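The next block holds one structure in the form of structure tokens; read it before the comments.
No experiment lies behind these values; they were computed from the predicted model shown. Below, chain A is the first sequence line, B the second, and so on; all start at residue 1.
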2 protein chains.
Amino acid sequence: MTAGGHGGADELDFWSFIRLAQHRLAEEHGFGDRLATELLLTLNRASGIVTYDLEAAVHRPRGRSWSGFRLLFVVWLAGPLEAKKAAELTGMSRAAVSGLAKTLVGQGLLDRTPGERDGRSVLLSLTERGRREMLETFQAQHRREQEWAGVLTEAEQRILIMLLDKLITNRDQFDVRGRH
Amino acid sequence: MTAGGHGGADELDFWSFIRLAQHRLAEEHGFGDRLATELLLTLNRASGIVTYDLEAAVHRPRGRSWSGFRLLFVVWLAGPLEAKKAAELTGMSRAAVSGLAKTLVGQGLLDRTPGERDGRSVLLSLTERGRREMLETFQAQHRREQEWAGVLTEAEQRILIMLLDKLITNRDQFDVRGRH
DNA sequence: GATAGTTGATTAAGACTTTTACTAGTTTGG
DNA sequence: CCAAACTAGTAAAAGTCTTAATCAACTATC
């Protein structure tokens, strides 16, 4: 068999690639347990596909980015928030929140007011227009979320949430790297 | 209770935020089924946390980006690949692969040769150095993957993979947006 | 109370991704 | 056989993310 010749790569899709990868990792490189690899590959792929779809179907048509939505979403539901807290809840860096907030303030969706108890901090809150837009946008996203989740039964959804929770909750057992 | 005053946001973390969000979506905005929202929020959060950790712990210290690794990974295991195929398998756009390949060729990890059967296409393959580096890098990533997956039992890992598979496989039931 | 250290926000530089547009090679159908 | 349609790859512009550095404000300590 020539180098790279395993029947031609043309029929490969994501799942047959995973099988091929498993095979070569085991046979040619001697990796034993490959379940973890498959799990994380699948997790990232699933998240990427869903996120891309939501962004393309819901947010870009409205002139909004995925990150912009995430920031507006936490401010919408968790009330006025310090920028630092918003960064924690969205999983972004503080710098990303700072830049994004600048854009969203300019678009009239977000208000930025100085914090009271700490002169350095900044409180983010939605403008009236921001509130209106979030309600409409989230309705659209919610419909699409339900199409996605709908391929699983309710029980399956609950199990999936539980397993994902467990995956990221028990991580204190080793030294995980988080954003600054 | 004043605007935004629901006990102070200071104790909020990702999980208490989800509970708060659920509550406000139901009580103040009348959203009924919020399981789908929780599922996708948790999915994206889990993927983001794990990916960030792998990038920070394994790839950045080696001067490599997450995307660079993804591209090298598929080329490593699926042999010489047309750029288009590499884009499909990694889930990137063709343009992203093109740009990334340019960088990686410059770093001496990737070879780019003209395709034989199609004069437009480009075949990507690893250089000898690329192969050596991938073996070392993947060993490191594999160890860390196992730390992550290790908080779940093997049965749980298999169920999680199965549910994620189902989530993204059955999506033909509606009009999903994918990359170009 | 002055000072050292810490923390919040911001900016700057660089990497990466996206969409759009373009070039060039290939296929198809009259 | 040739023109129209299509496809692969690339480049450009705009946007987002990252880390590192900077500034300002708070806190603790001498």
Once you round it to whole Å, what is the distance between [atom2] of [N] and [atom1] of [X]?
X: B:His59; N: D:dT19; atom1: NE2; atom2: P; result: 15 Å
X: A:Leu104; N: D:dG15; atom1: CG; atom2: C1'; result: 13 Å
X: A:Tyr52; N: C:dC16; atom1: OH; atom2: C1'; result: 15 Å
X: B:Glu82; N: C:dG25; atom1: CD; atom2: C1'; result: 13 Å
X: A:Arg94; N: D:dA21; atom1: CZ; atom2: P; result: 15 Å
X: B:Trp66; N: D:dT16; atom1: CH2; atom2: P; result: 23 Å
X: A:Gln107; N: D:dG15; atom1: CD; atom2: C1'; result: 12 Å
X: A:Met92; N: D:dT18; atom1: CE; atom2: C1'; result: 13 Å

Counting only side-chain heavy atoms from C-beta out, which of [options] sits nearest to [X]?
X: A:Ser65; options: D:dT16, D:dT10, D:dA11; answer: D:dT16
X: A:Val122; options: D:dA8, C:dT18, C:dA9; answer: C:dA9
X: B:Ala96; options: C:dG8, C:dT11, C:dT17; answer: C:dT17
X: B:Ala95; options: C:dC16, D:dT10, D:dG9; answer: D:dT10

Please work out if [X] contacts a base, only the sugar-phosphate, or nothing of the nucleic acid, heavy-atom cut-off 4.0 Å.
X: A:Arg112; result: sugar-phosphate
X: B:Arg64; result: nothing
X: A:Arg60; result: sugar-phosphate

Ignoring hydrogens and geometry beyond distance, is a side-chain donor-acceptor pair present between A:Ser47 and B:Asn44 at under 3.5 Å? yes

Regarding A:Asp13 and A:Ser16, do their side chains bring together a donor and an acceptor under 3.5 Å, going by distance alone? yes

Where each residue is assigned the nucleotide of DNA chain D containing its nearest heavy atom, which of A:Arg120 and A:Ser67 is assigned the position nearer the 5′ end? A:Ser67

Heavy atoms only: give me the nearest B:Leu40-A:Glu145 pair and the separation to one decimal. CD1-CG, 3.5 Å

Closest non-hydrogen atom pair, A:Ala86 against A:Leu71: CB-CD1, 3.8 Å

Check this for me: does any side-chain nitrogen of one of B:Arg62 and B:Glu136 sit under 4.0 Å from a carboxylate oxygen of the other? yes

For B:Lys102 and D:dG9, is the shortest distance between a side-chain N/O and OP1 or OP2 below 4.0 Å? no

Under-4.0 Å side-chain N/O to phosphate OP1/OP2 contact, B:Ser121 with D:dA8: no

Mapping A:Ala83 and B:Arg70 to their closest nucleotides on DNA chain C, which lands nearer the 5' end? A:Ala83

